[in-house]
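Structure first, then comments.
In listed order, ligands and their atoms are each counted from 1.
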Amino acid sequence: MEVAVKKLLKSYHLRSTPVRKQVLDLFIQTSHALGKANIEAELDEIDRITLYRTLRTFEQKGIIHQAIDGSGKTKYALCSHECSEHEHHDHHAHFYCTRCEKTVCMNSITVPKIDIPDDFQIASAQLILSGTCKNCQR
Ligand SMILES: [Zn+2]
Ligand SMILES: [Zn+2]
Ligand SMILES: [Zn+2]
């Protein structure tokens, strides 16, 4: 894993730092989106400002995207391979579980094209689904 993470960072022209490696590794290991609080809870004694910067860098590089779920909390999830620097293609739905408050990327569900009146221009569109995840249905 250590080697894979290093390679991945290198492929994005990012220097390997302990925080970058830890954070990227955490995203790879986790199947749901992560908020800052989640990351801080998982990684002991991580400096908040360094974490904030790392997330911003990763987002700019097309490694992670914001998983908007209507909860008002900023969460991030790993991008697909189509994303690149300053160009995200994460036009998929996000599922928010109202019980465990976890958010998951629904990569197979794309946001449909929406016809809006000519006076408006869409810059972004979010498709948010909410309900209960598999774990919470038991
Ligand atoms: Zn992306
Ligand atoms: Zn759940
Ligand atoms: Zn997503």
Contact list for residues 122-131, test side chain to side chain donor-acceptor pair (under 3.5 Å), sequence neighbours left out: none
pair Asp25-Gln29: side-chain heavy atoms closer than 4.5 Å: yes
Within-4.5 Å side-chain heavy-atom neighbours: Thr54 and Thr17: no
Distance-only donor-acceptor hits, side chain of residues 99-108, under 3.5 Å, sequence neighbours excluded:
unit_1 : atom_1 : unit_2 : atom_2 : d
Arg99  : NH1    : Cys136 : O      : 2.9
Thr103 : OG1    : Asp69  : OD2    : 2.4
Thr103 : OG1    : Lys75  : NZ     : 2.8
Asn107 : OD1    : His92  : ND1    : 3.3

Heavy-atom check, side chain of Leu55 versus side chain of Ile39, under 4.5 Å: yes
His65 side chain to His89 backbone, donor-acceptor under 3.5 Å: no
Sub-4.5 Å side-chain heavy-atom contact between Leu8 and Ile28: yes
Sphere of radius 2.8 Å around the Zn ion (ligand 1) - protein N, O or S atoms inside: Cys79 SG, Cys83 SG, His88 ND1, Asp90 OD2
Polar protein atoms (N, O or S) that approach the Zn ion (ligand 2) to under 2.8 Å: Cys97 SG, Cys100 SG, Cys133 SG, Cys136 SG
Proximal heteroatom of His94 relative to the Zn ion (ligand 3) (N/O/S): NE2
Check: Arg20 and Phe58 side chains under 4.5 Å, non-hydrogen atoms: yes
Any donor-acceptor N/O pair, Gln137 side chain to Thr132 backbone, under 3.5 Å: yes
Heavy-atom side-chain proximity of Arg48 to Tyr52 below 4.5 angstrom: no
